[in-house]
2 protein chains.
Amino acid sequence: MARPRSAAADCAILDATRAALVELGWSKLTMGDVAARAGVAKTTLYRRWTGKSALVVDAVAVLFDELELPDRGSLHADVEGVVLSFAALLARPETSTSLMAVVAESTRDAALRDRLRCAVVDRQKRLVLDGRARAQARGELPPDSDPASAARQTDLVFDLIAGAVVHRALVSGEPVDEAWAAGFATLLVAGLGAAHPPAPPPQPRTPPEPC
Amino acid sequence: MARPRSAAADCAILDATRAALVELGWSKLTMGDVAARAGVAKTTLYRRWTGKSALVVDAVAVLFDELELPDRGSLHADVEGVVLSFAALLARPETSTSLMAVVAESTRDAALRDRLRCAVVDRQKRLVLDGRARAQARGELPPDSDPASAARQTDLVFDLIAGAVVHRALVSGEPVDEAWAAGFATLLVAGLGAAHPPAPPPQPRTPPEPC
DNA sequence: GTGTTACGCTACGAGTCGTAGCGAAACGCT
DNA sequence: AGCGTTTCGCTACGACTCGTAGCGTAACAC
């Protein structure tokens with residue numbers, strides 16, 4: 001019933017944030033700088049976001065939506081594909097720097113952690129769900145025995161893939177190339193194939209823990 | 001041939017850094033605060049470290065040395081053990097926050113990246129090397145075919161374990177408990193057992209790439 | 001048109017940064 | 001003991017960023 005917030009300004013601010021991240025990195029990025037690049041007042045930024053972390057989460061979240069999982073004909077090939085495209089995404093300076101910095105901040109800020117999870121993490125689990133369903137349709141993986149264990153394994157595979165790629169690229173600092181992706185996929189596919197058929201033997205207690 | 005730097009001051013500074021990290025976290029940690037806690041002048045800090053990141057790397061590096069790999073009788077149990085002790089280390093507020101923040105900074109600072117690698121990353125590969133040698137002695141894993149592929153697989157396993165645990169704990173934000181560790185170990189051991197015996201089939205090109 | 005709201009602008013106190021300059025104290029060496 | 005060298009504590013400094021407040025103006029819905 002009055003003037004609405006400018007969607008164009010939102011877009012300009014997020015673009016400016018990404019551009020500033022590429023040039024300056026996380027630590028030298030300032031709110032005033034982003035405001036100047038976007039052609040808005042600094043106060044406008046603080047009217048919409050609580051601080052640098054929240055702004056960067058929104059600016060970077062959309063980049064993760066470009067990840068896709070084309071059907072490459074086998075589970076092994078699908079894993080290779082997602083590893084390489086995730087690595088390509090992490091190779092861009094604005095994603096790697098800001099993702100790690102936001103994760104660091106989120107260890108002390110519950111609101112930021114929730115925002116990060118629903119804007120980035122949970123949305124990418126679809127890739128694992130897709131790949132898993134596809135492999136089951138091909139007969140490469142057995143169908144779900146029960147929903148709880150299916151969810152558990154989906155989470156496990158997600159943390160495995162994303163964690164390993166991030167660690168290789170950003171912590172170990174070595175390239176995620178085709179050779180590495182092939183070795184990783186071989187290991188993962190073999191593990192899934194061998195570990196699944198019998199119900200996982202040594203898992204004594206597992207509270208349902210629905211999300 | 002003159003006054004040496006006080007080792008006691010070094011120790012007091014690093015202790016103060018860890019204490020400040022616990023209380024304040026990474027973003028609110030200031031050099032002046034650390035200096036005050038340690039009972040030293042701020043200039044002394046800048047005489048020994050270039051900035052906050054370098055200081056925190058040194059302060060946190062020693063915490064990772066507490067990781068050990070007692071022989072639990074099987075590869076599966078050894079993996080479970082290292083996963084849980086690494087998770088316990090990451091549960092401490094000073095490690096999780098600062099590790100991620102330093103990794104974020106290191107994506108833009110080559111000197112910091114080197115420092116991080118040799119102070120933290122490379123020193124922990126010993127755990128994988130130990131566990132691997134032990135499993136080979138037990139006959140759970142085949143002996144090394146050639147040194148290059150052995151090194152490649154060591155790196156892969158290292159990134160897999162460390163990456164998955166970090167991702168689960170800090171990004172997904174879910175607990176690394178015994179059930180998860182058991183599921184992870186089952187998958188990893190199965191993958192290693194199945195993928196290894198025949199030379200990895202779909203690895204077309206693999207430049208030697210010695211480190 | 002009119003009312004409501006977002007926006008741009010300026011200014012502000014508080015806090016941090018990293019450095020410079022100084023005198024004093026601590027240590028190795030002879 | 002005496003000397004030379006280096007570290008250390010202290011103070012002060014300009015530059016910068018932060019996050020907020022206040023105000024007048026412009027844009028939009030009704």
Side-chain angles (χ1 to χ4, degrees), chain A residues 1-17 19-59 97-98 101-102 104-106 108-109 111-112 115, chain B residues 1-17 19-59 97-98 101-102 104-106 108-109 111-112 115:
Chain A
M1 164 175 182
R3 178 179 180 181
R5 285 192 169 168
S6 159
D10 261 336
C11 189
I13 291 170
L14 294 178
D15 284 344
T17 304
L21 275 171
V22 174
E23 279 183 36
L24 307 171
W26 165 269
S27 57
K28 297 191 177 179
L29 178 72
T30 69
M31 297 292 269
D33 193 10
V34 172
R37 284 167 193 258
V40 281
K42 195 175 57 166
T43 45
T44 299
L45 287 191
Y46 283 105
R47 284 182 186 117
R48 305 189 186 192
W49 289 275
T50 61
K52 188 159 85 166
S53 310
L55 171 61
V56 170
V57 170
D58 286 3
T97 301
S98 48
V102 170
E105 293 284 315
S106 75
R108 296 226 134 217
D109 182 342
L112 183 62
R115 187 161 205 161
Chain B
M1 160 177 189
R3 179 179 179 180
R5 287 195 168 165
S6 158
D10 261 337
C11 189
I13 291 170
L14 295 177
D15 285 343
T17 304
L21 275 172
V22 174
E23 279 184 38
L24 306 172
W26 165 269
S27 58
K28 298 192 176 178
L29 178 72
T30 68
M31 298 293 271
D33 193 9
V34 172
R37 285 167 192 258
V40 247
K42 195 174 57 163
T43 44
T44 301
L45 288 191
Y46 283 104
R47 285 184 186 115
R48 306 190 185 192
W49 289 276
T50 61
K52 188 158 86 165
S53 310
L55 172 61
V56 169
V57 170
D58 286 2
T97 300
S98 49
V102 170
E105 293 284 315
S106 74
R108 297 227 133 218
D109 181 341
L112 183 62
R115 187 160 203 161

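Chain letters run A, B, ... following the sequence lines, proteins first, then strands; residues in each count from 1.
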Residues B/Arg115, B/Asp58: salt bridge by 4.0 Å N-O rule: yes

If you go through the side-chain atoms of A/Lys42, does one of them form a donor-acceptor pair with the base of D/dG19 closer than 3.5 Å? yes

For B/Arg48 and D/dT6, give me the distance from atom CZ to atom C1', rounded to whole Å. 12 Å

Between P on C/dG18 and NZ on A/Lys28, what's the gap in Å once rounded to a whole number? 10 Å

Could you state the OH-C1' distance from A/Tyr46 to C/dC9, rounded to the nearest angstrom? 16 Å

Taking any heavy-atom pair under 4.0 Å as a contact, classify B/Thr43: base, sugar-phosphate, or nothing. base

Rounded to whole angstrom units, what separation is found between the CG atom of B/Leu29 and the P atom of C/dT16? 11 Å

With a 3.5 Å cut-off and heavy atoms only, can you find an N or O donor on one side and an acceptor on the other between the side chain of A/Arg47 and the base of D/dG19? no

Salt bridge flag under 4.0 Å for residues B/Asp10 and B/Arg5: no

How many Å lie between CG on B/Leu45 and P on C/dG18, as a whole number? 11 Å

Integer-rounded Å distance: C/dA14 P and B/Asp33 CG: 19 Å

Can you say whether a donor on the side chain of B/Arg3 sits under 3.5 Å from an acceptor on the base of D/dT6, or the other way round? no

CG-OG1 distance between B/Leu24 and B/Thr17, expressed to the nearest 0.5 angstrom: 11.0 Å

Counting only side-chain N and O atoms of B/Thr44, is one of them less than 4.0 Å from OP1 or OP2 of D/dG9? yes

Which heavy atom of A/Leu45 sits nearest a heavy atom of A/Met31, and at what distance? CD1-O, 3.3 Å

Nearest whole Å is fine: how far is D/dC18 C1' from A/Trp49 CH2? 18 Å

What's the CZ-P distance between A/Arg5 and C/dT5, to the nearest Å? 12 Å

